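Working notes, beginning with the structure itself.
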Amino acid sequence: MMSSNTASSSAGVAGSADSAAPRRNSKKPKYSRFTQQELPACKPILTPRWVISAFLLVSVVFIPIGVASLFASRDVVEIVDRYETECIPLDNRTDKVNYIQTPGDKSCNRTITVPKRMKQPIYVYYQLDNFYQNHRRYVKSRSDAQLRDNSSASETSACKPEDMINGKPIVPCGLIAWSLFNDTYSFSRNNSTLVVNKKDISWKSDREHKFGSNVYPTNFQSNETLIGGASLDPTKPLSEQEDLIVWMRTAALPTFRKLYGKIEVDLEADDVISVTLQNRYNTYSFNGKKKLVLSTTSWLGGKNDFLGIAYLTVGGLCFFLALVFTLVYLVKPR
Amino acid sequence: MKRYVYINDDESARDLYCDNRISNRKYTLLNFIPKNLGEQFSRFMNQYFLLIACLQLWPLITPVNPASTWGPLIFIFAVSATKEAWDDYNRYLSDKKANEKEVWVVMHGLRKLVQAQDIHVGNIIWLRENDEVPCDLALIGTSDPQGVCYIETAALDGETDLKTRVIPSACMGIDSELLHKIKGVIECPSPDKDIRRFDANLRLFPPFLDNDVCPLTIKNTILQSCYLRNTEWACGVAVYTGNETKLGMCRGVPEPKLTAMDAMIDKLTGAIFVFQIVVVIVLGIAGNVWKDTEANKQWYVKYPEEGPWFELLIIPLRFELLCSIMIPISIKVSLDLVKSLYAKFIDWDNGMIDQETGTPSHATNTAISEDLGQVEYILTDKTGTLTENKMIFRRCCINGVFYGNDSGDALKDVELHNAVSSGSPDVIHFLTIMAICNTVIPIKAKTGDIFYKAQSQDEDALVRAAAWLHMVFVNKNANILEIKFNASTIQYEVLETLEFTSDRKRMSVVVKDCQNGKILLLTKGADEAILPYACPGQQTRAFFEAVEQYSQLGLRTLCLAWRQLKEDEYEEWSLLFKEANSTLVDREWRIAEVCQRLEHDLDILGVTAIEDRLQDGVPETIETLRKAGINFWMLTGDKQNTAIQIALSCNFISPEPKGQLLLIDGKTEDEVRQSLERVLLTMRITTSEPKDVAFAVDGWALEIALKYYRKAFTELAILSRTAICCRVTPSQKAQLVELLKSCDYRTLAIGDGGNDVRMIQQADIGVGISGREGLQAARAADYSIGKFRFLKRLILVHGRYSYNRTAFLSQYSFYKSLLICFIQIFFSFISGVSGTSLFNSLSLMAYNVFYTSIPVLVSVLDKDLNEETVMQHPQILFYCQAGRFDFIMLSTLFFQILCIIFYNFFICGDVSLEIRLIVGQWSLNSQYQFLNRLLNPSTFAGWFGRSLFHAIVVFVISIHAYAYEKSEMEEVSMVALSGCIWLQAFVVTLETNSFTILQCIAIWGNLASFYFINWIFSALPSSGMYTIMFRLCRQPSYWTTVFLIVAAGMGPILALKYFRYTYRPSKINILQQAERLGGPILSLGSIEPQPRPILEKEVSPLSITQPKNRNPVYEPLLSDSPNTRRSFGSGAPFDFFQTQFRLSSSYSRNKDN
C-alpha cells in the first residue's frame, strides 16, 4: 500500500536509490540551540525562600501604599446632600412623578454645613443612583459624527428613537443628549453668592475634537409632549455646551457623579452654605436618588477608601501568608 | 470493468481514457476560494463563528462592532487558506515538472520526443537506461535478447533492489524495428491501486505471429516512477496514464487522525458551548424580566410600548453574541501552529538521526505529536524493528547432521567444509537450493566480484553462505542460472517460480538441469509449510528437533526440500499454472492452489538457521518505555519459539520466576476456549502480584479467539501488559490494533516492512522504521525513525513535551476567553441586563487574537523537566496517559464542578481537592480509569475556577476603584482590560517552567506592546478611546488599581501553587526540585502504575477457585507429533487460504515471515 504522503513528490522528483541516500542526508538538520530545544533557560522553582520573600516584598510595598491612599482619601472633604425627597413639597410626596412632570416652579432651598476646611478648587457634582447610563439602548444612542461636524448632521441612524423630528435631524440626537440632566444649583454663603465656575468642567479633548465648534443645537427638545431633560442654547456651539459634554461621557456604573462646576474659593469649617436648586429632573419614576456633592480632591482623586483598604488587606494577607509559610517551613520543611 | 487497450492505435483510445497529465492538485485557480471555504466551513467551530459573525451584522442585537468577530475570522481563514494555497502551488510545480518531461513516443510509426503529459493509452513508449517511467507500461520489447529488463522500484515501494521484468512470450523475438508497427489489444482490469498485481491478457494482431491470448502479470509491466536500470532500452505500451496509474491510484487522502488531546479539546469546547447556552438562557430571561419590570420605569431608555414579534429573542441573542468569545476563536490556529512546530522539532532533532545511514527522523503527520505522549500500547513488529534485519547464516542441519553447533558458526565448521568437499549428494543439493531457490540477482562488478541484489535478507544470507561454501551463484541470464561449484560450472534453466506469499510461507522454483535435463522442484519455507508435506516414510523428527533447537536460540529457521519431477507431471501442471496465471479474478488464490498441487511429497534436505541480531539499545528502550507504563505487544510472522527467545533477549518478557508466560493454543474452538479461559483465570489471579505475566498466542488460535471469543480475548488484552502474537498475518496485526483501539487505548504501531503497513495505518500512531526493507512502512507511517531505540526519545521527550505544551496552551486559551467573558457577564448585571459590552470592539478583537495569544505561543519552548531527567525517570509519563470520558458524563461532571466552584471557592479555598474527590469517585463509579493528567476535566475545572476568580478580582476592583466621578465607561473598560492583560502575563510567567530569552521577550514585550498599541489608538482623534490611555497612565490611581489587581489575583494562586508544590508535590515537582537543586530524589520509587479500577472490580476473591496453572516459559512447541499441528493437508486445504486472501487486501512481500 502506498500512502498519500508520497503523492506530492511521487511523480517527478523521486530519485534513484543512489540519489535518494544523499538527498536524505542533505536534509540533516543543522545544529542550532533553537532546533535542538536547548536554548539557555532560567528555570526558577518555587522554593520557600523565594515565595516567602515575594510575599514579604508585596506586603512591604502594599501596606505603605495602602496607608498613603487611605490618608489621601481621608484628607478629602466631601459633603453629600441627598435632596430628591426633601425637595418635594410634603403634599406632593404621595405622587412624586406627577409633581415632577407638571410644569411650575420647582425651586428648593437646602442648607449644608461645611464640616472641615475645604481648599479650593471645590468640585460640585450631582450624583444619580439607579440610573443606567450604561444600558445598551441608551449607551449606543448617539452619533459621534454628528457631534463632531455640522456637515454630518443627518447621520442619525444610531439615535433612534430620538433621531428625527418632522423629517429634520435632531442635533444632538439620541437618548443620551435628550435626557440631559437639568437640575441647577446656586450657592451662597452668608448671603453672598458663591460663584460656580462651569468652564473647563469637561475633558479638553472632548471640547476640541469630539464636539464641533460649528455644530449648533437644532430641533433639540422641540417636541413639546416629549421633553426629556434640559434644553440647549441654540446659539452656543456644542463645544461650549459643557454640561452636555460631561453628560455625554456615559458612566459605566448605575451610580455615578458628574461634574457640575467648581467653586474656586476656600470654604471654612462650619460655614453654612445655602443652596438654591431647581429640582426638575425626573428620577422619581425609577426611584433614583439625587445627591449634591461638594468635594475636594487628592492625588488619588475623590473620597474613596476602597483602594486604601484593599491595599492594606492585600498587604496584610501577604504578610500573614509569609508568616504562615515561614512557620510551616520551620516546623515541617517538606 | 475491463479496459481494452489498442496498441499503437492513434485515434480510437484517445478520448476514451485520460491523457498522462498528472494532477495532484486539490484546487484550481477558479475553485480555490469556494472549495477551500467549503472545507473550512465543514468544521463545526467555523460554522459556529460564521453564525456569530452573521448575527453581528444585525445592528439591533450586536453589542460590539461586527469587525470584532469578522476580523479574527477572516484572519484565521486567510492563514489556513494561504497554507493550503502554498501547498497546492508546490504540488502544481512538481506536477508541472513531471508533466513537461520529454519522452520518446511512437507516433504514426515514428519515434518522436513529446512531453510526458501528451502520452495516451495505447502509445508505445521508449525508455533508455536510467530513464524514469512516465506511466504504467506493459512491456513489449527490451534490448536484451531474452526479453529481460531490470527496474528499480524505490519510488514506488521503497525497495532498493533491482527487479527483473520480462516481455510477454507473445512479443518474444520481435525485431526492434517492427515494434514500431506492432498492433494488438491488451485486455486489462480497470485501474486499481494494487502495485503487486496486474492480471491482464495480450493479443497481438496479425501479421504478428501469435494470435493466441498471452497472459500478462505484474512481471510484464513497468510502473510509473520506476527507473530502468542495467538495460540499454525497453519499450512498452501505455496501459494506465495520468492519475489512473497504479501510483496515481495509491494516492488518496488518508483519514485524518484525531489525537486524544483534540478529542478532549473538542469535548471541552462542547461543554463550554453548553455552559454558554445556559448562561445565555439565564441572562436572556433575566434581561427580559428586567426589561418588563424596570426598564419601563427608566424613561430615558424609551422602550417602545409594542416591540416587534421577535422582541423576546433580542436580549438572549445579544448575550449569545456577547458570550461568543467564550469559545476562543484562535485556538485552532494556535494549535495548528504549535503542532507544526512540534513536528519540526522532531525533524530537527540531532538525537534521532541514524548515524549509520544519516537518516533523520521525520514527522509526516504534523498533527498528532501530543498522542505520542499518551501512548499506552506499543505493538511492534519483530524482524527489522527489534532486530537489525541483517541476516547471518549461522547453523544448519543437513539430513540429521548438525553443523555449527560447537562454534556457533556453520561457515567455520570444518565438518561442513569436509562434507562439501567430499561431495555428499545431500549437501550438494542443500547448497544448490540455498544458491538458486530465490529471486536474487547477481551483478558482476568490474573488479570481478559478485554482488547480490536481493529482496529478502534471508535469501541474501543463504546465497552468500552458499558462495562461501563454494557453491557460487555466478550469473543469471534470463532463465538460465549459472552456478560455479568448485571448478565446474552448472547451468539450470528456471522453468517456473512459485513465489513467496506470507500466507503460503514458502517459495519454490522449478528448474531444469541443463546437463541431464532433469526437472527439479526446489522449495524452501517455514517448517510448518514444508515438513507436513514430506514424502511419506521420511523421518522428519530430526528436522523438528533442529527447528526447535534453533528457534530456542532465537534463530530464524528455514526448511529446504526438493523433489524430482517427471516430465509429464510437470507438463500437466505447467498448463494449470499458466491458466491460473492468466485468470483475471482471484488470481493469487488460484495460483496458491495450483502451487499446492506441486509442492508435496517433498524430500526434506535440512534446516538452515539464520541469525538476526537485535538492534542497538532495544532492551534498554523497551525497559524504559515499560517503566513509563507502556504495554508492549509483539506481533510477528515468526515462529513462537523464535519470537519468545527474541522477547526474552530484549527484556520483552522476564524469565521465570520473575515473569510468567502463558500460552494460548489449540486447533479447535474448544481447545482455544479452554486455553483462553485458563490463561484469563491465571491472569486475574496474578494481577495483584508483582509479576510480569505475558501471554503468547499464535495466528491460528488468534483467528479463532477473535472470531468466537472476542469478549474474553478483549478482557485478556486489557489485563495483560505484554503479549506475543506469532504467525500472524498483516490483517491480523491490523485486527489486534483495532481491538485495542476499541478498548479506547492509545496505540502505537511500529514496523518496518510492507506487512506492517496495515497495522501502522490502523493504529492511532504509526511509526515506520526506514530500514533495510525499504521505505514502504516509513511512508505509510506518521513518524519515521531510523532505529527502534529512537522510539524512547520520540515518546518520552517529544511526545511528553508536546502533550504538556498543548495541555497548557489549550487550557490557557479557554481560561483567557472565559476571563473576559465572565467580566462581560458581571458587567451586564450592573447595566440593566441589557447586553452592553464593557469592552470596545477593538479591544475584544485584539484581546483574543493578539494580546493573549503571542505569549502563550512561545510556551512551545517550555520544558518542565530536562530531557535527561525524563529519560531517567520515565515513570512520569503516567501524567500524560489518557483517561477516558464520554461527552454526557463530561457535561454532568462539568456542572457538578461548576456548582462546587460557586459554593466552595470562597469558603474552602482549596476547591481542587473537593473536585478531585468527586471526580475520583465518579470515575470509579463509571469504571473509567482516571489518571492525573494535565488536561482533563479536573485540571480544566481548575482553570475555569481561576478564570472566574480572576474575573471577579478584575471586575470588583475596577468598579470600586473607578467609582462615582471616575466611572467613565471607556476608562473603566481600559482599567479592566489592563488588569486582564497584566494578569495574563503573570499567569503565563507562573505556569512557565523554563524561561528562555524568547519567552521573556514574548511575555513582557507583549505587555509593552499592549500599551504601545493603545497609545496609538489613544492618539487618533477619530477613535472612541481618544486620549483615554494617556489620561489613565497619568493617574496614580490607574497604576495602583492595576497593581492591586495583579497582587489580589496572583497572590492566592501563588500561595496555592507553592503549598501544593512543597507539601503535596506531584512527581513532576519532585523531579523538578531534584533536578534544579541537585538534591536527592525522594520517594520516586513509589510511582507505580495505579491499578486500574476496572481490574480491581473484576478480581473478586471468590473467583480464585482453581489452582494456578503455570506454564513454563519454555513450553516445547513441537513436542507433540506433527499431525496434531495445524495442517495444510489434503483435507480442506484451501479454505484457510481463501479466507486469508479475502481478509488481506495487501499482499505481503517476498520475505520470510
Side-chain angles (χ1 to χ4, degrees), chain A residues 1-14 16-17 20 24-25 27-29 31 35-37 39 41-43 45-46 51 58 125 132 134-139 161 175 179 205 209 249-254 256-257 285-286 299-302 304 306-307 310-311 314 318 321 334, chain B residues 22 24 91 94 97-98 152 154-155 160 225 227 247 250-254 297-302 345 348 350 358-360 364 757 779-780 830-832 834-836 959-961 964-969 972 994-996 1021 1026-1027 1036-1037 1040 1044 1047-1048 1051 1055 1058 1061 1072-1073 1076 1146:
Chain A
M1 291 276 165
M2 297 291 298
S3 83
S4 69
N5 57 52
T6 57
S8 57
S9 66
S10 60
V13 289
S16 68
R24 285 186 81 84
N25 273 342
K27 272 203 291 191
K28 194 168 168 173
Y31 183 82
T35 58
Q36 300 305 308
Q37 307 192 58
L39 285 174
C42 151
K43 300 177 176 176
I45 56 167
L46 297 174
V51 174
V58 171
Y125 300 100
Y132 290 89
N134 55 14
H135 193 278
R136 193 184 167 286
R137 270 181 74 85
Y138 188 81
V139 79
L175 291 173
S179 61
S205 60
H209 292 103
R249 276 271 154 210
T250 49
L253 307 176
F256 58 89
R257 289 174 186 174
S285 52
F286 52 89
W299 59 274
L300 263 183
N304 188 348
F306 175 80
L307 274 179
Y311 260 75
V314 170
C318 284
L321 277 174
R334 300 259 101 184
Chain B
I22 295 161
N24 292 308
R91 281 195 285 267
S94 80
K97 209 174 130 199
E152 185 188 275
T160 51
S225 84
Y227 284 81
L247 182 70
C250 282
R251 291 171 206 137
V253 189
K297 302 181 196 154
Q298 312 279 355
W299 53 270
Y300 51 89
V301 177
K302 237 183 167 182
F345 279 138
W348 285 331
N350 276 346
T359 324
T364 313
V757 169
R779 283 202 174 143
I830 61 163
S831 63
S834 58
T836 319
I959 64 163
H960 280 98
Y964 301 126
E965 75 279 4
K966 283 195 241 165
S967 80
E968 201 278 319
M969 191 83 168
V972 174
S994 67
F995 294 92
T996 64
Y1026 179 55
T1027 70
S1037 57
T1040 48
L1044 181 66
Y1058 164 76
Y1061 196 89
Q1072 278 175 339
Q1073 284 164 10
R1076 284 160 211 182
S1146 85

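Letters A, B, ... are given to chains in the order of the sequence lines, protein chains preceding strands, and every chain is numbered from 1. As the structure is a prediction and not an experimental result, all values here were calculated from the model.
In B/Tyr964, the OH atom is not crowded: 12 or fewer heavy atoms of neighbouring residues, nucleotides or ligands sit closer than 6.0 Å.
A/His209 touches chain B through its side chain: at least one heavy atom from C-beta onward sits under 4.5 Å away, while N, CA, C and O do not. Residue A/Cys42 touches chain B through both its backbone and its side chain, counting heavy-atom pairs closer than 4.5 Å. For B/Ser967, the parts sitting under 4.5 Å from any heavy atom of chain A are the backbone and the side chain alike. Proximity to chain B is limited to the side chain of A/Phe306, based on heavy atoms less than 4.5 angstrom apart. Using a 4.5 Å cut-off between heavy atoms, B/Val972 contacts chain A through its side chain alone, with no backbone atom that close.
A search for ring-ring contact (aromatic ring centres under 6.0 Å, His included) contacts involving B/Phe345 returns A/Phe34, B/Trp348, not counting sequence neighbours. Residues satisfying the side-chain contact (heavy atoms from CB on, under 4.5 Å) test with A/Leu307, not counting sequence neighbours, are A/Leu300, A/Tyr311, B/Ala961, B/Ser1037, B/Thr1040, B/Thr1041, B/Leu1044.
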Step-by-step ring pair (Phe, Tyr, Trp, His ring centres under 6.0 Å) determination, B/Tyr300 to A/Tyr132: CA-CA 9 Å; B/Tyr300 51 89; A/Tyr132 290 89; 7.8 Å; no
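Note on A/Val139, A/Val51, A/Val314, A/Leu321: by heavy-atom pairs under 4.5 Å with chain B, the leading option is A/Val51.
For the 3.5 Å distance criterion, the side chains of A/Tyr138 and A/Thr250 fail to qualify, holding no donor opposite an acceptor.
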